[in-house]
Number of protein chains: 2
Amino acid sequence: MCLHCNYQELLTSVNLEATESRLRVLEVVGNNSFPMSAGDIYKTLERNSTINRVTVYRILDLLVGSGIVERLSTGGRSAYYGLAPNNFHKPHPHFYCKQCGQMDCLNPDSLTVKVESLSKTFPGRIDKVEVRLDGICKNCLKQN
Amino acid sequence: MCLHCNYQELLTSVNLEATESRLRVLEVVGNNSFPMSAGDIYKTLERNSTINRVTVYRILDLLVGSGIVERLSTGGRSAYYGLAPNNFHKPHPHFYCKQCGQMDCLNPDSLTVKVESLSKTFPGRIDKVEVRLDGICKNCLKQN
DNA sequence: ATCGAATATGCAATATTGTTGCATTAAAAA
DNA sequence: TTTTTAATGCAACAATATTGCATATTCGAT
């Protein structure tokens, strides 16, 4: 849950119309404490009122493109989405459970990555650093 | 290219029969200096002699399961495969070009991740840490 | 407020990547 | 050599994501 965000403002701040669908998608992404897949976002939205699956994908692309949502790779087949890092929300690593697919956010300081030296000499453009731990979460460990 | 590896031995060392298909897959993975997708591995193999796409997927699963090949997530839709870290081959971060899909291996020391403190307190089981930089590679930068 | 242009959404079809079940072939063990 | 086990091939399927085009909504100008 992002207490600092007014989603309407967040959208207009990146020159996106704050349509109902966009607000709905952004609220689901933002009000969750962990990243989730497009499919889960869609299912969550459909519980309240109808929306097209393709619209969800397109809005997610749009939000990722505008930088307010972050697309995360997983150890599985689908991408997960969460609010992108910002002033109130530092970049942080994630933990992905291979068994249940749950993704958790880890403490920003729990893992440190020093990228400065590399980015000085690397010949390409670096847009993003992703640090992900894969394994089995507490709950799934219990069940086995 | 892994100069230290005899692929036949590598397979038998993990109790896998060194069948021709497995050797072929492992050679493609091992003789490449960068990780590649299952599809690319399949295409590469088919240039020489026939092999089934499903067989490639199954062999890759097997090799990943036995720990001699590593499955890497990308900023794109498909997983990439490379030789798993071992004594001659330290774990290292990767760079993924969002435009052309090329993945490069970075110097093991170019990015440091300190995971010890976290793994002491983390309630789940951590099997793997993946560090990936996403961006645009040198070549693609030139072309635009 | 109304009209026209631009943008957003919905729907159907399709693409990409990966998986499953079962038949066939090859290899290992007896 | 025969029997048993394991590997591969083939076809169908599944999950995830994307595209093209039709429809609906919103915005801006009048």
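Below, read A as the first sequence line, B as the second, and so on, with proteins coming before strands; counting in each chain starts at 1. The shown structure was predicted, so the numbers you read here are calculated from the model rather than taken from an experiment. Only heavy atoms go into these numbers, but all of them, side chains included; no hydrogens, no water, no symmetry mates.
Connection of B:Y57 to B:L26 is not established within any shared hydrophobic cluster, with ILVMFWY side chains joined at heavy-atom distances below 4.5 Å, either directly or through further cluster members. Under the 4.5 Å side-chain contact rule for hydrophobic residues, B:M36 and B:Y96 do not share a cluster.
Proximity of residues 58-75 of chain B to DNA chain D (heavy atom under 4.0 angstrom from any strand atom) is restricted to B:R58, B:I59.
In this structure, B:R53 does not reach the D:dG9 phosphate: none of its side-chain N or O atoms is under 4.0 Å from OP1 or OP2. B:T19 has no side-chain polar atom (N or O) that falls below the 4.0 Å cut-off from OP1 or OP2 of D:dA7. Distances shown here put a side-chain N or O of B:N52 below 4.0 Å from the OP1 or OP2 atom of D:dC10. Not one side-chain nitrogen or oxygen of B:Y57 sits closer than 4.0 Å to the OP1 or OP2 atom of C:dT19.
Between the CG atom in B:L83 and the CD atom in B:E70 there is a gap of 9.5 Å [rounded to 0.5 Å].
Of the candidate nucleotides C:dG18, D:dT8, C:dT9, C:dT9 has the atom lying nearest to any side-chain atom of A:S21.
Regarding B:K43, its NZ atom lies at a distance of 11 Å from the C1' atom of C:dT16, rounded to whole Å.
Residue order along DNA chain D, read from the 5' end via each residue's closest nucleotide, puts A:Y80 first among A:Y80 and A:E17. Sequence order on DNA chain D of the closest nucleotides to A:V54 and B:L16 puts B:L16 first from the 5' end.
In this model, a side-chain donor or acceptor of A:R77 finds a partner on the base of C:dT17 within 3.5 Å.
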